[in-house]
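First the structure, in the form of structure tokens, and then the observations on it.
So that the names make sense, note that chain A is the first sequence line, chain B the second, and so on, each numbered from 1.
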Number of protein chains: 4
Amino acid sequence: MARPEASPPRRPRGGSGSSQAGAFLSGASSIPTTTRGRRTRAALINAAREVFEELGFRDARISDIAKRAGTSYGVFYHYFDSKESVLDELFTSVTGDMYNASQARSKSDGDVVDKIRASNRQYLVVAARNAQLIAMIEELAYRDPQFRELKLRIREPFLLRNEAGIRRLQEQGLADPNLDAAMAASMLGGMIEHFTLLWFFHGVPYDEELAVETLTRLWAQAIGMRLDESGRLVQGAR
Amino acid sequence: MARPEASPPRRPRGGSGSSQAGAFLSGASSIPTTTRGRRTRAALINAAREVFEELGFRDARISDIAKRAGTSYGVFYHYFDSKESVLDELFTSVTGDMYNASQARSKSDGDVVDKIRASNRQYLVVAARNAQLIAMIEELAYRDPQFRELKLRIREPFLLRNEAGIRRLQEQGLADPNLDAAMAASMLGGMIEHFTLLWFFHGVPYDEELAVETLTRLWAQAIGMRLDESGRLVQGAR
Amino acid sequence: MARPEASPPRRPRGGSGSSQAGAFLSGASSIPTTTRGRRTRAALINAAREVFEELGFRDARISDIAKRAGTSYGVFYHYFDSKESVLDELFTSVTGDMYNASQARSKSDGDVVDKIRASNRQYLVVAARNAQLIAMIEELAYRDPQFRELKLRIREPFLLRNEAGIRRLQEQGLADPNLDAAMAASMLGGMIEHFTLLWFFHGVPYDEELAVETLTRLWAQAIGMRLDESGRLVQGAR
Amino acid sequence: MARPEASPPRRPRGGSGSSQAGAFLSGASSIPTTTRGRRTRAALINAAREVFEELGFRDARISDIAKRAGTSYGVFYHYFDSKESVLDELFTSVTGDMYNASQARSKSDGDVVDKIRASNRQYLVVAARNAQLIAMIEELAYRDPQFRELKLRIREPFLLRNEAGIRRLQEQGLADPNLDAAMAASMLGGMIEHFTLLWFFHGVPYDEELAVETLTRLWAQAIGMRLDESGRLVQGAR
DNA sequence: AATGAATGAGCTTTCATTCAT
DNA sequence: GATGAATGAAAGCTCATTCAT
């Protein structure tokens, strides 16, 4: 017999089912109308970000967030349904930031390698900026399909961009035609992802310039280019 | 939801127990003298592995493990101090397995690329075999310095091996001398790590042959080799 | 989007779904194996009955029950899933008692009216004995379909018995043939139910003998019999 | 589930607030002077009725009522002291309606049975109209002496009327003189009460005509009359 | 050696009510 | 008059761990 809930301990009350557009998780979070309300809500989101980064999502208690925001824990429920729903808001900003980074065109009018270098450098910048939150998503992705999808969704635009880039270079005769562009994009993308996490989140120390150069050289050579000792494309090497 | 965790000696939040000198994580676990005792202990470890893989470390309850092992949860404390201490045992086997893999010399008498290919293939095998537990370590590493170290310790022999390999190839004039061997080893190692996790744990589907070939080609070319369309080293290309 | 439960705050864990045979509500309650366990469990049920009767189901807190039973509230969850599940046990005994009463045949070899009188008297006895719990079911029935059904299920055997009785008397020419037996049984049964609740639960004072006599006279005459001043059937009056 | 109820002046458990002299339950509620105020107040009462009927008194939240009334929950406290005090207003109307019904004289110039029939039919009408609220009172009466009294007070005029009726019929030689009029009135009144609740609130389906006829026949015969197959009084049968 | 009963800290969530705006 | 933000007591429930048997 299914759990019958004799005198139902919790009324469902429609609410939380209706999702906001673009909300990743539950997202049933009321938007305050007054200035004071807006300020409090913002304080909560901010506090949540800090607490999540310090303690991790699972170890973060609502009361930690509320305390950090300087409110009672009651207000939290005024603005959010649950921990999950603040997370939403946070993710919206990260995914947005990451997406923009994935779309950005380098303005450098250098050669192909310069473009790769610029792109790597840029990834490093956003990755550093969002390391904590990305690490959190990674962590949660290990147990929660919802977050696994989010993780994959975040990396997708980078993948597509990389794949397109490789394909274009292959067509131009600049990249190894024997490479499966999608697979290579996934692997090389993973290389950078993994590396930035190691560096920015796990605290393994690396030298920035060396990192950018090595990343760029590995990437470029992996797809079939040849770089001279100063990191410039050896023309006609392919 | 109620925070699980115990009552009296309440663990400080996020920590995984204070580690002792000898064992990796927490307290020593008594080694039983009788046959029956040994069997029970083994059953618990086995059960723990299964439960951890299914539920994750944090969500696994002692009672889950005990139930799976077919014992009462009282016995658990006969053999182990805490959840952390069973984990120890489990990790001993993974780290051992991984270490062996990192040391294995390929018997192939093919060329350098064949060696790289064999090595990659072998990594894929152990990674697939230990994916669940490795993922667990990864997950825990996000919050627990203890596990972060473990994670780094596991990857270290691979790193060293790769670094030595690259260096040797550089000396032989087969690999790009402009590459920082340590950095490259870390990045390329990360590429494989990341990829196997995606594949074996997160369930992203890949074709095995294509994966091995692409991995090998990327790796070899990244460090400066040149491969022909059938994946064989183009002699004298450097 | 449905509530996704980012990192699920509560694992379902099959358990509670499988119901015991005959359990009304959830009923997932472990049966202890040791004497001590059995004693504790019994103490909890007893305490629950008392607390429910004093405070009502909804106002009763788990901690009230535990305190009354002289245990920590933790044990409660050792034996029961929830408040609902103790209720189960309690109901099993009431419904059993009531059912038996409904089936009991009076041993009096008096006339029809004596049988009705005996039956009424007996109902009064069980109703008095179970007044608190019946009232509780009534109360809960106002809001919970589950309890509404229970309420109806408890009254059903009485209804059927009464209906059969009336029908038999109609066939024997002793009861008014113009009466719909089922409807009459329901109404007259309700009369007694309502009356006992008023008396035993709401505390409206009545004289027992007068009550039995009046109940019997009303009932008997309602279905078409005629009673003389001493409550005996006036033969051939129909 | 968390107990709702307020924080600072926390109501003693089970109670419904200490009642004031004048009003039935709790505090006086200010009567607004402006039109707008009166409209808001009326909207609140209306909303309260709906919400109470849907959710029951205990499960209804102030915010539910306010939302339904289209106001903020702040205003609620402008007009009412508490949930109990809106209830007051609602009950005033029910009790009024019920009382009127109890006093109504049937205009039919038929015989006694017609009068009983008319009276029953009329009770059915008001009972149907007020079923939700009456059920609510019943429910609350199980736990709250305040409501128990209200419940008894509502039924009282019916009781008195019935008792007087029976007594009159006894004097006229139409009703069984061996019946205690008060007791019979209470029991027979309870029969109808109980029946209407079953029908109108608990949703047990009955045929209206059959119900009226059976009710009337049972009632009339119970007090000693005799009815023919078409429901007319058999003259001189007593 | 094994069992499983008992403990209780700690977290979540609800919602009546107050009060600044 | 009206608004809605803020408060916080209180109860539910979980599960690591202890310990009597």
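- With sequence neighbours left out, the side-chain contact (heavy atoms from CB on, under 4.5 Å) criterion links D/S72 to D/V75.
- Closest to the side chain of B/K83, out of F/dA16, F/dT14, E/dA16, is F/dA16.
- Listed by chain and residue number, C/P32, C/T35 satisfy the side-chain contact (heavy atoms from CB on, under 4.5 Å) test with C/R38 (two or more places apart in sequence, or in another chain).
- To the nearest angstrom, C1' of F/dG12 lies 15 Å from CG of C/D59.
- Partners of C/A43 by side-chain contact (heavy atoms from CB on, under 4.5 Å), not counting sequence neighbours, listed by chain and number: C/A69.
- Here E/dT12 presents its P atom at 13 Å from CZ of A/R58, a figure rounded to the nearest Å.
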query = With Watson-Crick and G-U wobble geometry limited to distances under 3.5 Å, how should the secondary structure of DNA chain F be encoded in dot-bracket form, using | for bases paired to another strand and [ ] for crossing pairs?
reply = .||||||||||||||||||||
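- Closest non-hydrogen pair, C/T40 versus C/Y79, comes out as CG2-CE1, 3.9 Å.
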Working for salt bridge (charged side-chain N to carboxylate O under 4.0 Å, His left out), residues D/D64 and D/K83 = CA-CA 11 Å; D/D64 291 325; D/K83 259 206 296 188; over 6 Å; no
Short N/O separations, protein against nucleotides 2-6 of chain E, under 3.5 angstrom:
{"from": "E/dA2", "atom 1": "OP1", "to": "B/T40", "atom 2": "OG1", "distance (Å)": "3.0"}
{"from": "E/dA2", "atom 1": "OP2", "to": "B/Y79", "atom 2": "OH", "distance (Å)": "2.6"}
{"from": "E/dA2", "atom 1": "N7", "to": "B/H78", "atom 2": "NE2", "distance (Å)": "3.1"}
{"from": "E/dT3", "atom 1": "OP2", "to": "B/S72", "atom 2": "N", "distance (Å)": "3.3"}
{"from": "E/dG4", "atom 1": "N7", "to": "B/G74", "atom 2": "N", "distance (Å)": "3.3"}
{"from": "E/dA5", "atom 1": "O5'", "to": "C/Y79", "atom 2": "OH", "distance (Å)": "3.4"}
{"from": "E/dA5", "atom 1": "N7", "to": "B/Y73", "atom 2": "OH", "distance (Å)": "3.4"}
{"from": "E/dA6", "atom 1": "OP1", "to": "C/T40", "atom 2": "OG1", "distance (Å)": "2.3"}
{"from": "E/dA6", "atom 1": "OP2", "to": "C/T40", "atom 2": "OG1", "distance (Å)": "3.4"}
{"from": "E/dA6", "atom 1": "OP2", "to": "C/Y79", "atom 2": "OH", "distance (Å)": "2.9"}

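- Taking the side chain of B/S82 as heavy atoms from C-beta on, and the options F/dT14, F/dT17, E/dT17, the nearest nucleotide is F/dT17.
- For E/dT14, the OP1/OP2 oxygens have no side-chain nitrogen or oxygen of A/Y77 closer than 4.0 Å.
- At whole-Å resolution of the value, CZ in A/F80 and P in E/dT12 are 15 Å apart.
- With sequence neighbours excluded, the residues forming a ring pair (Phe, Tyr, Trp, His ring centres under 6.0 Å) with D/F52 are D/F57, listed by chain and number.
- Residues satisfying the side-chain contact (heavy atoms from CB on, under 4.5 Å) test with C/Y77, not counting sequence neighbours, are C/I62.
- Look at CZ on D/F57: it is 14 Å from P on E/dC15, rounded to the nearest Å.
- What separates CD1 of A/I62 from C1' of E/dG10 is a distance of 14 Å, to the nearest Å.
- The separation between B/R39 atom CZ and E/dA1 atom C1' is 13 Å, rounded to whole Å.
- Every residue two or more places apart in sequence or in another chain that forms a salt bridge (Lys or Arg N to Asp or Glu O under 4.0 Å) with A/R49 is listed here: A/E53.
- With respect to C/E54 and C/R68, a salt bridge is recorded, a charged nitrogen being found less than 4.0 Å from a carboxylate O.
- Between the C1' atom of E/dT13 and the CD atom of A/E84 lies a distance of 13 Å, rounded to the nearest Å.
- Between the CZ atom of B/R61 and the C1' atom of F/dT17 there is a distance of 15 Å, given to the nearest Å.
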